[in-house]
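First up is the structure itself, then whatever we jot down about it.
Keep in mind it's a predicted model, so treat the numbers as computed, not measured. Letters go in sequence order (proteins before strands), and every chain restarts at 1.
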Amino acid sequence: MPIRLFDSLARETRELKPSHADGVFRFYNCGPTVYAPAHIGNFRTFVVNDVIRRLLELEFGPDKVKHVRNLTDVDDKTIRRSRDEKRPLAEVTKQWTDKFHADCTALNCLPPHVEPTATGHIVEQVDMIDVLMKKGNAYRAPDGSVYFKVSSFSEYGKLSRVKERELQLGSSFATKPQAADADEKEDVSDFALWKAHKDDDGENAWESPWGRGRPGWHIECSAMSKKHLGDTIDLHSGGVDLLFPHHENEIAQSECCNGTQFAHHWYHSEHLLVDGKKMSKSLGNLYTLDDLKARRFSPQTVRYTLLMGHPRKQLNFTFDSLYSAESALGKLNAFNDKVSAIYGMSLRVPPSNKFDAVLDALRDDLNFPSALGELFVAIKQIESNFSEFSCADFFAFKQAVTSVLGFSLPGIAQEVPPDIITALAEKRWAAKKAKDFKGADALRAELTAAGWSMLDGKDGYKLEPLKK
RNA sequence: GGCGCGGUAGCCAAGUGGUAAGGCCGAGGUCUGCAAAACCUCUAUGCGUCGGUUCAAUUCCGACCCGCGCCUCCA
């Protein structure tokens, strides 16, 4: 079964396949702006894209997928932070790039093959703008900024249907405040390719044929995609909010510059909501991985939570969903422990292909809820009859859960208890062995009061922190 | 105002023109000094409302109600 994915441009579900002769699937995924910790809404998109990457590698082979994800390390926000903190831009972006990488690792997101930065590709961006100028798709404004001339690209709006949007200049659209650069542009829908240097930009400026300045936001993806993947890529993805104007503008720039189709396939994942509202930096209702770690939720639990909903549907994040995810993941871990211990005994049993349905659900437009459902169906069948569980089934389980869905098993982080807790636990264990159950119960109460739960096994015990 | 998405059990969430996957929670059970874990069993005559098409609709069509996103930086 081939991988099929909804295409935002064609507005239908279409098969994913490499279009180049070398058979390498070219995948570009819009990355973060590195000026603050990414929140779990951002990570929903990155986790979804990580599963796409993993699925592509399963389908085409690990060396037949090239995954590029950029880092936006120069823009209004990064510069503002650098100015506010009186630190060089590169230092600020390095800090948050490192943090982003650490969070991605914790969430089991595979690093992209190339992770280009905007500041590392100034030349490529200037070159591209230069071509657009020469072709008449761009113009230089009096202040030295360069804008893309939207009216020069007849297909502008094909992704977001923006033309239909502008037909009605009715209510809120017309009452919006004018953009700061409105005076410089020939038309309100034109967008900046190159921004002339302003005092607020400080040292963050580069020379160009149009004067000192810095690149506009959209051009970086077009330039970096072109450099690392070529003029035409197989899949371009990001969050829905990038659909307009970012991706619409990328199409305009790239197709005008290169004279060929930019991306064969466009994919947009929906937003994560918190308490029914979009999670965003401006609203301030965001959680970072660290916020959740502080409440003792592991990154694996977060990953599971982010995969509980269909990626093209908004997902409402709640602490209930986190608890639910944690329990489900615990079940997966328990199953894994069990079958890891017994699978060797079932070498002669033929494969049952019970886990095929999991992968097929994923191949069918990334249906995570269905895939997770099929996973538990398979597990339940196996639990009820281990005699038919084969070695092949074991590997199929591992492949689906670990390689493709990208969970680590065991995924429940074991927190090391403080010495005083361990001492209490030792005392209780000794009391229990001596059949002093009264004493043992009293010590359990002490542990509970201290926030720890003691789980007795046959030959020992485990300590787990109680959830806040 | 325009563009788009959604409303399925206490919560989350798939799905199909022929009568509702799965997870969480809850209840009962097995096990256990206790507690937990693990496993087993059970839990929607019903899929926002009202009409229509059909032998048959939650699934198709229409209207309406409600929620959310985008149209401005944004995953």
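- Taking the charged nitrogens against the carboxylate oxygens, A:Arg214 and A:Asp76 do have a contact shorter than 4.0 Å, which makes a salt bridge.
- B:rU41: Watson-Crick or G-U partner is B:rA27, with both key distances under 3.5 Å.
- With both pairing distances under 3.5 Å, B:rC50 is matched to B:rG62 as a Watson-Crick or G-U wobble pair.
- A:His310 comes within 4.0 angstrom of the backbone, heavy atoms only, and of no base.
- Within 4.0 Å of A:Asp441, counting heavy atoms only, lies at least one base atom of the nucleic acid.
- Between A:Asp98 and A:Lys94, at least one side-chain N (NZ, or NE/NH1/NH2) sits under 4.0 Å from a carboxylate O, which counts as a salt bridge.
- Taking side-chain N and O atoms only, A:Lys338 has no distance below 4.0 Å to OP1 or OP2 of B:rA38.
- With both ends at atom P, the span from B:rU49 to B:rA9 equals 10 Å, rounded to whole Å.
- Spacing of P atoms, B:rU58 relative to B:rC73, comes out at 45 Å, to the nearest Å.
- Applying the salt bridge (charged side-chain N to carboxylate O under 4.0 Å, His left out) test between A:Asp365 and each of A:Arg14, A:Arg312, A:Lys313 identifies A:Arg312 as the sole match.
- A salt bridge does not link A:Asp456 to A:Lys462: none of the charged nitrogens lies less than 4.0 Å from a carboxylate oxygen.
- Between B:rG33, B:rC24, B:rA13, one nucleotide has an atom nearer to the side chain of A:Pro369 than all others, and that is B:rA13.
- Within 4.0 Å of A:Leu272, counting heavy atoms only, lies at least one base atom of the nucleic acid.
- Within 4.0 Å of A:Gly239, counting heavy atoms only, lie sugar-phosphate atoms of the nucleic acid but no base atom.
- Distance noted for atom P between B:rU45 and B:rG29: 25 Å (whole Å).
- Nearer the 5' end of RNA chain B, as judged by each residue's closest nucleotide, is the contact made by A:Asp364, out of A:Ile40 and A:Asp364.
- In this structure, A:Arg295 fails the cation-pi test against A:Tyr287, since its NZ or CZ atom is not both closer than 6.0 Å to the six-membered ring centre and inside 45 degrees of the ring normal.
- Look at A:Lys380 and you won't find any side-chain N or O under 4.0 angstrom from OP1 or OP2 of B:rC40.
- Set against B:rA75, B:rU41, B:rG69, the side chain of A:Asn42 has B:rA75 as its closest nucleotide.
- In this structure, the CZ atom of A:Phe376 is 11 Å from the P atom of B:rA38, given to the nearest Å.
- Rounded to whole Å, the separation between the P atoms of B:rG28 and B:rC68 comes to 39 Å.
- The partner of B:rC34 cannot be assigned: no Watson-Crick or G-U wobble pair with both contacts below 3.5 Å exists in any strand.
- Taking atom C1' on both B:rU32 and B:rA37, the two are 11 Å apart, rounded to the nearest angstrom.
- Ion pairing of A:Lys158 with A:Glu155 is present here, as a side-chain N (NZ or NE/NH1/NH2) and a carboxylate O approach within less than 4.0 Å.
- At the heavy-atom level, A:Lys432 lies under 4.0 Å from base atoms of the strands shown.
- In this entry B:rG1 has B:rC71 as its Watson-Crick or G-U wobble partner, both defining distances falling under 3.5 Å.
- Interface remark: the A:Asp456 side chain does form a donor-acceptor pair with the B:rC34 base, using a distance-only criterion of under 3.5 Å.
- The gap from the C1' atom of B:rU59 to that of B:rG6 amounts to 16 Å, rounded to the nearest Å.
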